[in-house]
Amino acid sequence: MIIRTLEFHNFLRFFETSTLDFTSTLVVDSALALILAPNDSGKTSVVRGLEFLFYGTVDGKSGDTTLGALVNDEAVRASKSLSVRGHVQATLISKGTELTVRRSVAIERAPNGERRLLRTILHSLEGREGRQEWKSDDSDVIAFKLERLMPRSLFHYFFFQGEGLADALIDKQDPQIREGLTDLLHESDWQEAIEDLQALLGKLNSECRVASGKNQELERAVERLGLAEERESKLKRDLERGQGSLQNARNEVDRLTALVAESVGKVDNEAAKRLGEVRQRLDQHRQRLAGTRHGLFASIGYTRGLPFLARAFEPVRLILEDLRKQNLLPADVSEGFIGRILKGGKCICGCELIEGSHHRQSVERFRVSSLSAESNTDLFQLYNLLEQGSARGFESEIEQSIDALGESSELIESETRAIAKLEEELRALQARVDETAQQRFHELLREQRKAADQQADQTARVQEMRMQLGAATSFKDKAKKEMSQLRSKTPQRAIESLFEMRDLAGELIEVLESGLTGLKSSLHAPLEEMIGNLYDPVAKDGSEARISPSTLLPFIEKEGKRAAFLGGGQKQVLCLAYIIALAQLRKSLHEVLRNVGVMVPLADDQAFVMDSIFGQCEPEYQEAICKFLPRQTGQILLLLAAQQWTETVRQVLEEEVDLLFGFEYHSPNTRYDESKHQFTVGGEVHKLLKSSGNGETAYTVIKKLPF
Amino acid sequence: MITFLASYAYRIDETPSGKPASLKGVNPIDLGVFRGRGLYAILLTLAIAARGDWLVAKEPEEIAASVEAYAASGARLVCSPGLLMTADVLCERLLASLKTASCPLPIAI
């Protein structure tokens, strides 16, 4: 299928009517149309527009909000009417026949500015030249035709965003891709034929049982054989699925093994081990240091500040010594006792203590310098504590505290030194060990072990299935033999032909089943050869493209091993080589099938729409893609942003381009650096960024550029 | 904490200043609390050394006032701007003095 024209009217980025007209290149065998587009100007709108045209969906969605958003913002803003309409229209050529279709979307603006989807509708241009008119596809005939032209599962192979497809195809092995391959091989058609034949076989078995009704033994034998065949067929399908899963599991183990092998080179195991030990020891030392410091603070607290008072000990001790000399420590006579004598007015010697008498004054003076029992005890205790050389005195206590503090201090010093040394070692080790690589390596090891376990489980399951199938086949053969023997004893002509038909249907099922298996395996070799022809010559690391026999998906092999890392554009090259090989294979497969009488729709040269295929590509791979892409298929529309229109790409593609378009982007943003959005082609500079002037919405107008 | 701060202020010759407030406060600390914790001898040493007279031992309020004044000075010293005396700093100074002086105490802060 080739695209003659592609028209957008008020659709996504495209304001009013913009057309990509490829008519002038249709005489070229492998036409290359280059579309240069500033960032955000609507490259993706082209792929979305095609999806909407073919299936009425966008990114697989068809909700009112999704479809309502398709009408161009500037058209909605500029419209005086409440309802606004947009469309995508294309003229497609397939097997020499033209088909012009248009899918429209209409919305209504609510007063609050929200959009309400009114309808989407598919039209086709019908009638003879000069008397053509648009007809709506009420019976869905055109929708069916479009799906046949471009099966939905293959859409994203042929109309795609570069990196997105490469990721889905190579890294994630998206199940939808497997579905696409199923369509490619017409597996569903084969499967349908097998199921039809199985239904027929069931009916024939019933007929045979009815026909042999008088011979109950024969009837039972037919029933047994029917059941045995059903079971064998089911087990064959299960085994095939199981083998597919096993192959997938093996591929996954291979992939992870390759990743582990690659990752191990980035890991310094010895340093990593030592790093772990150093961290552990650092933790231990830090904990010990914190504990010791805590103990030190406690020890300081326990001193109660006593060491600060050491200077006071000697003078206080002297004062108390003097007191002791006065015989007051411990006091012979307490202050209270003298008080009581004074109160009684009579001395212990018997004389009267008359107020104002000399005698009384002497006793009163004595009372002043006397002590209460409590004070006496306090001072006496203090005297003992201050006594020099006393084992229980203050000085001894201070000595013990200082010793304890000194020990803690030494421990703190040694711990601090040890920590400093370990921190130095840690820094050196961290510089040696790439911890991200280390983590990745261990993750991969875990994944690899898990995948290996799954592979072992699946192997066991497949072995069990094989045994079951062997037993079922043997049972079926036995049932068949028994039935033949019974039939030979019942030579009735009518029954005989019925049984022959039954046998024939059974054999046909086997032929179809083995045919499908054979077809799959026969595709493997040509697909691998095709992709190898495209990829191998440009792979600068000497790697080679391979196709998995079970999944028919591509992978890379280097020095006989599955390679894991695909960087710098290798992945894009592999991906593009694969889809081009697929398109070519599809075309030749259809021709072969039709030649042998299998009626499948005839696929002709395929149009590719490729958006931003040079992302993250090194110049060598950009050059390789530019060189192999143009001559491989009927039509390629290549959408590129300014940053992908590199000198390398320009030098190669300028020679190959048949048609040049530019997306003139009208942006309300006036702060763009215009130099980053201009393109030089054939020595001419194309400035594709314009100010929209309205300050509100951005839109794009398609221009055919002189070339 | 009070004995520690008071001893600290005494050690560095910090003259007590300001009037003691705790004795007139709502809930003064009973000297019995210090006695019960074996701290009374330290308070007494400080009070006698400060006054140079043992007679202070007969005046508990005088002892409390003296200790409080020293403790307040010690607290001010510890909390003075630019010299926030964390436990860490105090330890380090104590330990430094252990290493450098025959007297196992900080001479000055």
Side-chain angles (χ1 to χ4, degrees), chain A residues 292-324 326 328-329 335 368-372 374-386 393-394 397-399 401-403 405-406 408-410 412-413, chain B residues 1-14 31-32 34-35 37-60 63 67 70-71 74 77 86-99 101-107 109:
Chain A
T292 311
R293 289 180 86 93
H294 190 265
L296 182 70
F297 299 156
S299 299
I300 290 172
Y302 291 142
T303 66
R304 299 157 294 162
L306 199 58
F308 296 126
L309 273 183
R311 204 176 56 168
F313 294 167
E314 186 58 15
V316 173
R317 201 178 59 76
L318 289 173
I319 289 169
L320 295 182
E321 184 66 40
D322 186 49
L323 204 58
R324 189 177 165 78
Q326 290 175 44
L328 282 170
L329 282 175
E335 190 186 18
V368 171
S369 62
S370 67
L371 288 160
S372 67
E374 192 181 37
S375 299
N376 183 59
T377 309
D378 289 341
L379 289 173
F380 185 63
Q381 279 177 352
L382 181 58
Y383 177 77
N384 286 333
L385 286 168
L386 292 173
F394 278 167
E397 192 183 326
I398 289 174
E399 266 176 37
S401 297
I402 297 300
D403 285 349
L405 292 175
S408 296
S409 167
E410 277 172 23
I412 285 171
E413 265 185 32
Chain B
M1 177 64 79
I2 287 169
T3 55
F4 200 98
L5 291 172
S7 305
Y8 183 64
Y10 174 81
R11 179 65 189 89
I12 63 166
D13 284 333
E14 183 72 13
L31 281 178
F34 293 90
R35 205 184 285 279
R37 295 186 181 194
L39 296 168
Y40 195 68
I42 296 175
L43 305 190
L44 207 50
T45 308
L46 188 68
I48 296 170
R51 224 168 79 168
D53 187 351
W54 62 268
L55 282 171
V56 74
K58 295 173 69 172
E59 300 166 41
I63 294 171
V67 170
Y70 269 111
L77 203 66
T86 60
D88 265 1
V89 174
L90 194 59
C91 279
E92 272 162 27
R93 285 176 193 274
L94 267 173
L95 294 170
S97 72
L98 281 171
K99 283 177 236 160
S102 55
C103 170
L105 297 166
I107 302 304
I109 298 290

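Below, read A as the first sequence line, B as the second, and so on, with proteins coming before strands; counting in each chain starts at 1.
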Distance in Å, [X] [atom1] paired with [Y] [atom2], rounded so as to fall on 0.5 Å steps:
X       : Y        : atom1 : atom2 : result
B/Leu44 : A/Tyr383 : CG    : OH    : 15.0 Å
B/Ile63 : A/Asp378 : CD1   : CG    : 7.5 Å
B/Tyr70 : A/Leu309 : OH    : CG    : 9.5 Å

Open item on the list: For chain A, which candidate among B/Arg37, B/Arg35, B/Met1 shows the most heavy-atom pairs at distances under 4.5 Å?
Closed with: B/Arg35
TODO: Would you mind telling me which of B/Ile2, B/Leu46, B/Leu39, B/Leu55 has the largest number of heavy-atom pairs within less than 4.5 Å of chain A?
DONE: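 Option with the top pair count is B/Leu39.
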Task: Close side-chain approach of A/Thr303 to B/Phe4, heavy-atom, < 4.5 Å - done: yes
Task: Side-chain touch A/Leu385/B/Thr45, heavy atoms, less than 4.5 angstrom - done: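 They are not in contact (no side-chain heavy atoms under 4.5 Å apart), so the answer is no.
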Task: Taking every non-hydrogen atom, the tightest pair across B/Ser7 and A/Arg304 - done: OG-O, 4.1 Å
Open item on the list: To check you understand the geometry: which heavy-atom pair defines the closest contact between B/Ala49 and A/Ala312, and what is its length?
Closed with: CB-CB, 3.6 Å
Open item on the list: Is B/Ile42 close to chain A through its backbone or its side chain, or both, or neither, when contacts mean heavy atoms under 4.5 Å?
Closed with: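 For B/Ile42, heavy atoms of backbone and side chain both lie under 4.5 Å from chain A.
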